[in-house]
Q: 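This is the structure, below, for whatever I ask next.
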Amino acid sequence: MTMFYRCTMCTQIVSPWDIKGSECPNCGGHKIRPTNLSFFEKAIQICKNWKRLRKVPGKIELEFSHE
């Protein structure tokens, strides 16, 4: 299961592949904590990361390759 994070300074969702040296790519803050996404936030992340979706029999996962 993919873990998402939230910046405590700007409250934006940060995906694991966007974290650069433990700082938020949106504001540069260093306080990032794991978070549970709401249904609406999950839908937004699926749309943003459509190319990363990988179909596995019985479930759908996100790929972590940096292409």
Side-chain angles (χ1 to χ4, degrees):
M1 184 172 164
T2 302
M3 178 69 71
F4 286 93
Y5 303 90
R6 188 179 305 272
C7 177
T8 57
M9 293 182 71
C10 66
T11 67
Q12 294 293 319
I13 302 297
V14 181
S15 56
W17 47 85
D18 289 336
I19 296 175
K20 298 172 185 168
S22 74
E23 74 178 34
C24 175
N26 301 313
C27 70
H30 291 285
K31 292 185 178 183
I32 298 173
R33 60 182 170 83
T35 187
N36 292 325
L37 300 180
S38 67
F39 178 76
F40 183 68
E41 290 171 331
K42 287 178 186 177
I44 290 172
Q45 289 300 316
I46 288 173
C47 292
K48 280 185 178 179
N49 299 296
W50 190 255
K51 293 180 182 177
R52 294 184 188 271
L53 286 177
R54 176 174 61 142
K55 293 181 181 177
V56 177
K59 60 183 175 179
I60 296 176
E61 294 181 347
L62 288 168
E63 293 180 5
F64 283 98
S65 62
H66 296 281
E67 294 180 2

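Note that these values count all heavy atoms, side chains included, but never hydrogens, waters or copies made by symmetry. All residue numbers in this chain count up from 1 along the given sequence.
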Q: Starting at CG of L37, measure out to OH of Y5 and round the result to the nearest 0.5 Å.
A: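 Answer for the CG-OH pair, L37 versus Y5, is 11.5 Å.
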
Q: Which Ile, Leu, Val, Met, Phe, Trp or Tyr residues join M9 in one cluster when any pair of side-chain heavy atoms under 4.5 Å counts as a link?
A: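 Its cluster mates, by chain and number: none.
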
Q: Just one of V14, T35, N36, I32 clears the side chain to side chain contact (heavy atoms under 4.5 Å, CB included) bar with R6, so which one?
A: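 Answer to the side chain to side chain contact (heavy atoms under 4.5 Å, CB included) test with R6 among V14, T35, N36, I32: T35.
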
Q: Provide the closest heavy-atom pair for C24 versus C27 in the form atom of the first, atom of the second, distance.
A: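 Distance-wise, the nearest heavy atoms are SG-N, 3.6 Å.
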
